[in-house]
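Just so it is clear: chains get the letters A, B, ... in the order the sequence lines come, proteins before strands, and each one is counted from 1.
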Amino acid sequence: MSASGRSGGFWFVCFLAFALFVLHQDVWFWADARLVLGFVPIGLFYHALFSLACGVTWALAVRFCWPDRIEEWADEAAVSGDAGERP
Amino acid sequence: MTIAQAAVSHTPLYVIGGYLLLLLGLGLFSARFFRGTSSDYFVASRSIGPFMLLMSVFGTTMTGFALVGSSAKSFELGIGVYGLMASWSGLIHSAVFFLIGIRLWAIGKRYNYSTQVQFFRDRFQSETIGYLLFPILVALVIPYLLVGIISACKTVQPITIRMFPELFPSTNGAIPPWLTGLVICLVVLFYVFTGGVRSAAWANTFQTIVFMIMGVVTFWMISRAMGGLGAASERVLEHAPERAAREGSIGQLHFLSYLFIPLSVGMFPHLFQHWLTARSARTFRLTVIAHPVFIAIVWVPCVLVGMWAAGMFASGELALPTNVPGEMVVSAPADAPEGMELVRARPTGDPVMVDGAYVAGEGRVNANAALGRMVAFLINNPILIGLLTAGILAAIMSSLDSQFVCLGTMFTNDIVARIVGKDRFTDRQLVWLARLFVVGIVALSYGLSMALQSVNVFNLGVWCFSGFASLFPLAFAAIYWKRVTRAGAIACILVTTGVWLALILDALAFDAAYFGVIHHGEYLVAGMMPVALIFLSSVTSLVVVSLLTKPPPDDAVSRFFISSPRQSTPRESS
C-alpha cells in the first residue's frame, strides 16, 4: 500500500472514530420515547445502529491502519536473559 | 392475551444439568489436546485461531453483568443502559483490542510473557511495580468473579421456585444460592483444572454460541408470550413510559462519563491472557470487527426484556422477589391503601390478601431477578426454560473460567516462580502449582459470593471496571510513550488506588457524605461516574511525575517498540 493511500485511509478512520465519539451523545433523542419498527424505542434503535457503525469503522481500521511489521517483529528472537523458553 | 403460568416441573433442572454435563464432557475432550506444558496451560501454546479468539474474548467480556445486570438496570433505569455500556463498548473495546491488544500480543510473544505483571515489570525495569500491581489486579478481579457467581445464583433461584418445597422451605422450594454457586464453581474448576486456558477457550466458544442463540430465542419467546413485540413495548408506554427514554433517569454528563468504563478491557488480566493465546496478529482482525456487532446482538434483546419487565411490573402483572428470602412482590393494585407501593404476591402474580386486606411487601425489589422471572413466568415450556437458563449460565461461566485460570497463572508466575526462581520448578510442577492456586481461588470466591448475595451485581461490576479503566493510561503509555518513567508508573498506580479507595468508601461506607451524591442508585461525582475523576488522577500523576523524573535509558525502552528491520536491541541488565 502506498504511503499516501495509507495516510488518507488512516485519517479517514480517525475522522470516523471521532465522529462516532461525538454522535454517541444523542441529545436529540434524550426525551423521545417514540417506537421504531413498532417496538424499539428510538433511543435504543439509534444506539443499536451506532454499534453496527462501529463494526464498519473497525473493519476500515483493519484495512487502512494495520501496524506494519508487527508479525515479523513478534517473531524476532529476543536477546534477553529473562525471556525463558519459547513455546 | 393469556399469561402462561410456570409449571412446577423438574424438566428445566434436567436440561440445565444436561448442559453442565455437556460442558464437563467438552472439558474432558479439550484436555486431550493439552500438551502438558506450562506454556500450553497458561497461553495455549499461542495457537488459538481467529474464530476461537473472537468467541473467547467476547464470551469473557460478556458476563452475567451483560445479561442479568443489563436487564436489571433496564428494569430500573430504562433503555439508557444500552447507550451507557453497550454502544460505548462497541467503539472502545475494539479500539483497545486494536491499539493495545495486538501490540501486547506481539510483545508477549517476543519476550514470552504469560502475565501482565511480567510485561510491566520488564517494561519499567522494576520489581516494585510488579509487586505493587499484582495485589491490585487480583483485588479488582475478585469482585468481577463475584458478579458471575452471584448472577448465576440469582438466575437459577426464580426458575426453580417450588421445585423442592420440603428440601428448601426457606427459598420457597427453589434451589438455594449455596448449591447453585457450588455446582457452577465445581464445573468450571473441573475443565480449567484439566486443560488450563485452552480448555477455557474451547468452553468459551461453546458457551458463547449457546448464550447468543438462546438470548435471541429468549427474547423471541418472551415477546410472543406478551402478544408480540409491539404489544410488549406498548405496555411499557402505558405503564412505565419513562423506561423508553432517558429524560429524568440519566444525566447527560453521567451518560458521557461512562465512556471510561470500557477502557477497563485494556487492563483485564484474564483478557490479556487470552490475547497471548492468539496464533498471530491477524488473528485479532475478526475480533476487532465483529465485537461491536455481537454486543448489539446480545444487549438489545436484554435491554428490551428489562424494559418490558418494568412495564409488566408497573401494571401489577409480574411478581418479583425481594431481598427478603421467599418474598415476592407486585406493584400495589389500584384499590390498595394509599401509600402502599408493593404488595406480597404469589409466584403467579396474584396479590396475597389476609382477611381481605393486602399484605405489604417488606423488602426491596430485586431487579437482578427480572430476566429470570420473565422467563419463568411467561414461557410455559419446561425444556425451553431450561435451555434459556442454560444460555444465561453459559454467559456467566464463560467469564468465570478465564478469571480462575488467570489468577492461577498470576500467582504461579508473578509470585511463586518470581520469588523462588522459575528454574527451581519443572514444567510439570509449574502446571500443578497453577492448578492448586486455581482451587484456592475458586474456594475463596465461592465463600465471598455467599456472604454478598444481596449486592447489586451491576454496581459491584462498575466499581471493578472503574479500577481497571483507571489503570488503562499505564498500559497505553507503556506501549506508545517512550518518555514514561518508572516513577511515573508507580505514581499512577498509587494515586489511582488511593482515589479509587476514597471514592468507593465514600459511596459504600459513608453514604456519599464527602465526595459524591447518590442519584437513582448511582454514585456520581460532579454529575459524572467516579471513574472520570479516578482516570483523570491517573493520567495526571502518570504524565506529571514522568516529565519531572529522569527519562529511562533508550536501550531499555526501545526494545518494546516495533523497530526497523534487522535492528534488534540488546537488553541492558537490570
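- For a residue to count as touching a neighbouring chain, one of its non-hydrogen atoms must lie under 4.5 Å from one of that chain's; by this rule B:Ile295 does not touch chain A.
- When heavy atoms are compared at a cutoff of 4.5 Å, B:Phe42 does not approach chain A at all.
- The shortest distance between side-chain heavy atoms of B:Ser71 and B:Met307 does not fall below 4.5 Å.
- Highest contact tally toward chain A, considering only B:Ile250, B:Thr37, B:Asp423, B:Ile92, is held by B:Ile250 [criterion: heavy-atom pairs under 4.5 Å].
- For chain B, the nearby parts of A:Phe29 are the backbone and the side chain; heavy atoms of each come within less than 4.5 Å.
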Trace of the ring pair (Phe, Tyr, Trp, His ring centres under 6.0 Å) decision for A:His47 with B:Phe255: CA-CA 13 Å; A:His47 278 277; B:Phe255 192 74; 5.7 Å; yes
Pair B:Tyr111-B:Phe119, side chain to side chain contact (heavy atoms under 4.5 Å, CB included): steps then yes or no: CA-CA 9 Å; B:Tyr111 299 113; B:Phe119 162 65; over 6 Å; no
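- Chain A forms more heavy-atom pairs under 4.5 Å with one residue of B:Gly230, B:Gly90, B:Ala281 than with any other, namely B:Ala281.
- Looking only at heavy-atom pairs under 4.5 Å with chain A, the residue among B:Ala290, B:Gly78, B:Ala95 that has the most is B:Ala95.
- Of the residues considered (A:Tyr46, A:Phe45, A:Phe39), A:Phe39 shows the highest number of contacts with chain B, using heavy-atom pairs under 4.5 Å.
- Residue B:Thr115 forms a side-chain hydrogen bond (donor to acceptor under 3.5 Å, both in side chains) with just one option from B:Asn413, B:Asp414, B:Thr412, and that option is B:Asp414.
- Rounded to the nearest 0.5 Å, atoms CD1 (B:Ile289) and CZ (A:Arg63) are 11.5 Å apart.
- Atom-to-atom distance recorded for A:Trp58:CH2 and A:Leu16:CG is 10.0 Å, nearest 0.5 angstrom.
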Test side chain to side chain contact (heavy atoms under 4.5 Å, CB included) applied to B:His254 and B:Arg246, step by step: CA-CA 11 Å; B:His254 178 192; B:Arg246 284 157 284 177; over 6 Å; no
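- Residues B:Thr61 and B:His93 have side chains that never bring a donor and an acceptor to within less than 3.5 angstrom of each other.
- The side-chain tip of B:Arg235 does not point at the ring of B:Trp308 from less than 6.0 angstrom away and within 45° of straight on.
- Chain A forms more heavy-atom pairs under 4.5 Å with one residue of B:Phe98, B:Trp88, B:Tyr82 than with any other, namely B:Trp88.
- Ranked by heavy-atom pairs under 4.5 Å with chain A, the list B:Ile297, B:Val288, B:Val293 is led by B:Val288.
- B:Val303 touches chain A through its side chain: at least one heavy atom from C-beta onward sits under 4.5 Å away, while N, CA, C and O do not.
- For a residue to count as touching a neighbouring chain, one of its non-hydrogen atoms must lie under 4.5 Å from one of that chain's; by this rule B:Arg282 touches chain A with backbone and side chain alike.
- Within the 4.5 angstrom heavy-atom criterion, no atom of A:Val56 approaches chain B.
- Both the backbone and the side chain of A:Leu44 have a heavy atom closer than 4.5 Å to some heavy atom of chain B.
- For the pair B:Arg198 and B:Phe34, the cation does not sit on the ring face, since its NZ or CZ is not both under 6.0 Å from the ring centre and inside 45° of the axis.
- Ranked by heavy-atom pairs under 4.5 Å with chain A, the first of B:Arg285, B:His291, B:Glu247 is B:Arg285.
- For chain A, no part of B:Arg243 is nearby; none of its heavy atoms comes within less than 4.5 Å.
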